[in-house]
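The next block holds one structure in the form of structure tokens; read it before the comments.
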Amino acid sequence: MDAPRHKDKDVLLAGAVAVMGAQALAIFVVTGGFSPLLVPVLLAPLLWLHRAGRRAAHSEHQALHDALTGLPNRALFRDRVGRALTAAQREGGRPVVMLLDLDRFKEINDSLGHHHGDELLRQIGPRIAGVLRSNDTVARLGGDEFAVLLPSAPDADTAAEVGDEILRALAEPFHVEGVDLEVEASLGIAAYPEHGDCVDTLIQRADVAMYVAKGKELFLSEREDRPDPLALVGDLRRAMDDGELAVVYQPKVDLLTGEVRGVEALVRWEHPSRGLVLPASFVGHAEHTGLIRPLTIHVLEAALAQVGDWHRAGLDLKVAVNLSVRNLLDRGLPADVAGLLRKWDVPASALELELTESTIMADPARARSILGELHDLGVSLSIDDFGTGWSSLSNLRQLPVDEIKIDRSFVTGMAGDGNDATIVQSTIDLGRNLGLRVVAEGVEDDEVRGLLAGLGCDLGQGYFFSRPMGGDELAAWATGRTLAPA
Ligand code: C2E
Ligand code: CA
Ligand code: CA
């Protein structure tokens, strides 16, 4: 790990400020003549400069490090990979990028709570660093995903050995608040020059190798030999350009009257040889490979164009589009959305954005500010998969949220499971007390629809009403069942 290098930098910055302060003092002394009474006056700017310098160093550190673990974040990691590549191209060398994620992290988080989850995440970095050299980097990219940079490995076997050692080190139980936790990790490796010569390609290749390795063994990307997710993911950019990404729509229905209040846009990849590919197979990879912004814009374009068509045909529908974690780290999102609403001449009130609690919690301060801007545009916001995350009520209340969607894992089986029914009931009560619209996802039969209606839930979505369908089909389905958007 390279924490010491960073400390040096902080010291350097602070040192520069001290010198500036001394110059300021010298100027005061020369021009003002010296009096002991002046000391506090002279000291004030000095202290101010010193503190400002420390603040600058502090906020630079914050911008480049993960708040939870203190490890370098994605931005700093990318920067280091870039530098290692530049050095390798100049002087020779073999930078190696490894990505790893924890296979059972969600289970741990769900069963023991986020406090244990957080503590576990804090212990991962030091554990990995224990097998690395001092000029290697270990970073946290987000969630349970970590990355390692070896700026120059002698050969592929050495890199694979380091990868194995990391997995062995992580296989030792973690002692977290009196509980011994066993963690499995998947790790993928990509090396310059054979797997790529730029930052994005190397990270993408390592990500795919990790995906292939999932919980089993270590794979270098060159050993990928099974149905190849790389081919799939590597193809996503082209698929977007070639119009292979389609958007389908699933109605959000009034539980009492059956009328359609809105639709959710869901992306599909109509792959020429693999057939229909569902978002679970590619949205996560789009996140890791920088394609999530074009993907989201693609879906927004399709959905807003469709809503424009529906409106012109007299169907007053509102469309909800899903956002991913990285969309909410993208300061440009509100401007993108505003531009697309103008382009398709659709009122902001016809657009809703769905995001999960964990998406927000990845960077709550930034999420708050971006969501505030979106809300000011007139776009409404919905919390997706509600009940599966760990956001506190107070966090939620600070956000300009209009709707919560109860996760389908509680809804689908609620008729036969008292616990689920209780969770659903209290979520409905909570939402209504906060003045939010409540949608239940995963309504698969009439019994659950009836129960939800009885509990005061506003809307339902699920196979009982309809599977997602194409825009024209939805228009035919919704005609006569449409009420003013909620
Ligand atoms: P989600 O936002 O929770 O979307 C609802 C998912 O539940 C959809 O799966 C939908 O087809 C499925 N579903 C709807 N009704 C029922 C039901 O009654 N029973 C069951 N078992 N499932 C039902 P889909 O389309 O495969 O999407 C999966 C996830 O992929 C979505 O979960 C969302 O998180 C993500 N996703 C989909 N489209 C997009 C997109 O355009 N952008 C982003 N960032 N994520 C997307
Ligand atoms: Ca959704
Ligand atoms: Ca959902």
Side-chain angles (χ1 to χ4, degrees), residues 99 188 190 195-212 221-222 224-250 263-310 312-313 317 319-330 332-333 335-346 351 353-354 467-476:
L99 291 200
H195 302 125
D197 58 5
C198 72
V199 178
D200 284 328
T201 318
L202 277 182
I203 292 180
Q204 177 182 345
R205 294 295 301 246
D207 185 51
V208 173
M210 172 180 83
Y211 179 73
V212 174
S221 344
E222 62 205 352
E224 287 158 20
D225 50 1
R226 50 186 97 179
D228 183 5
L230 175 65
L232 189 67
V233 180
D235 224 17
L236 187 56
R237 155 76 63 189
R238 181 203 54 75
M240 270 183 242
D241 297 339
D242 291 359
E244 285 172 21
L245 290 197
V247 176
V248 290
Y249 302 90
Q250 188 178 35
V263 298
E264 176 175 6
L266 296 160
V267 67
R268 299 286 179 265
W269 184 351
E270 293 165 347
H271 197 279
S273 57
R274 291 164 194 258
L276 197 68
V277 183
L278 290 175
S281 303
F282 61 91
V283 169
H285 287 279
E287 286 235 15
H288 295 150
T289 52
L291 285 176
I292 195 67
R293 182 164 181 234
L295 174 83
T296 304
I297 288 181
H298 184 95
V299 175
L300 278 166
E301 294 254 12
L304 292 176
Q306 183 62 72
V307 162
D309 285 353
W310 286 333
R312 280 184 290 279
L317 286 174
V319 72
V321 170
N322 290 284
L323 293 185
S324 290
V325 177
R326 292 188 62 75
N327 292 134
L328 271 203
L329 302 178
D330 177 1
L333 179 72
D336 286 343
V337 169
L340 290 170
L341 288 167
R342 269 196 308 275
K343 173 174 172 187
W344 295 103
D345 193 22
V346 167
L351 177 64
L353 296 171
E354 292 191 4
R467 294 201 173 239
M469 51 197 152
D472 292 345
E473 207 186 333
L474 186 119

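Computed from a predicted structure; not experimentally measured.
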Which pair of non-hydrogen atoms, one from Lys343 and one from Glu301, has the smallest distance, and what is that distance? NZ-OE1, 2.9 Å

Could you give me the CA-CA distance, side-chain angles and deciding distance for Leu291 and Arg237, then say whether side chain to side chain contact (heavy atoms under 4.5 Å, CB included) is met? CA-CA 7 Å; Leu291 285 176; Arg237 155 76 63 189; 3.6 Å; yes

Partners of Glu287 by salt bridge (charged side-chain N to carboxylate O under 4.0 Å, His left out), sequence neighbours excluded? none

Just by distance, do the side chain of Asp242 and the backbone of Glu244 share a donor-acceptor pair under 3.5 Å? no

Between Thr201 (side chain) and Asp197 (backbone), is there a donor-acceptor pair under 3.5 Å? no

List the atom of Gly470, the atom of Tyr249, and the distance in Å for their closest heavy-atom pair. C-CD1, 4.2 Å

In the structure I gave you, are the side-chain heavy atoms of Met469 and Val248 within less than 4.5 Å of one another anywhere? no

Please determine which of Ile297, Val321, Leu351 meets the side chain to side chain contact (heavy atoms under 4.5 Å, CB included) test together with Val337. Leu351

Does the side chain of Ile203 reach to within under 4.5 Å of the side chain of Leu99, using non-hydrogen atoms? yes

Can you tell me how far the CG atom of Leu304 sits from the CG atom of Leu340, to the nearest 0.5 Å? 6.0 Å

Is Asp330 close to Arg326 at the side-chain level, that is, under 4.5 Å between some pair of heavy atoms? no

Just how far is it from atom CG of Leu295 to atom CD1 of Ile292, taken to the nearest 0.5 Å? 4.5 Å

Over 12 non-hydrogen atoms of neighbours within 6.0 angstrom of CG in Asp345: no

Who passes side chain to side chain contact (heavy atoms under 4.5 Å, CB included) against Arg342, sequence neighbours left out? Ala338

Using side-chain heavy atoms (C-beta onward) and a distance below 4.5 Å, is Leu323 in contact with Leu333? yes

If I take atom OG from residue Ser324 and atom CD from residue Glu354, how far apart are they, to the nearest 0.5 angstrom? 12.0 Å

Is there side-chain contact between Trp269 and Leu278, with heavy atoms separated by less than 4.5 Å? no

Could you state the interatomic distance from CG (Leu300) to CG (Leu341), rounded to the nearest 0.5 Å? 8.0 Å

Any side-chain heavy atom of Leu266 sitting closer than 4.5 Å to one from Pro279? no

Minimum side-chain heavy-atom gap Leu276-His271 below 4.5 Å: no

If you round to the nearest 0.5 Å, how far is CG of Leu236 from NE2 of His298? 9.5 Å

Under the side chain to side chain contact (heavy atoms under 4.5 Å, CB included) criterion, do Leu317 and Gln306 qualify, and how do the steps go? CA-CA 10 Å; Leu317 286 174; Gln306 183 62 72; over 6 Å; no

Within-4.5 Å side-chain heavy-atom neighbours: Pro468 and Glu264: no

Hey, is the main chain of Leu474 close enough, under 3.5 Å, to the side chain of Trp310 for a donor-acceptor pair? no

For a quick test of reading the model, state the closest non-hydrogen atom pair linking Ala302 to Val247 and the distance between them. CB-CG2, 3.7 Å

Does a salt bridge link Arg238 with Asp241, judged by any charged N lying under 4.0 Å from a carboxylate O? no

At their closest point, which heavy atom of Ala190 faces which heavy atom of Arg205, and how far apart are they? CB-CB, 3.8 Å

Donor-acceptor pair, distance only, cut-off 3.5 Å: does the side chain of His195 make one with the backbone of Ala206? no

The criterion is salt bridge (charged side-chain N to carboxylate O under 4.0 Å, His left out); which residues satisfy it with Glu270, sequence neighbours excluded? none

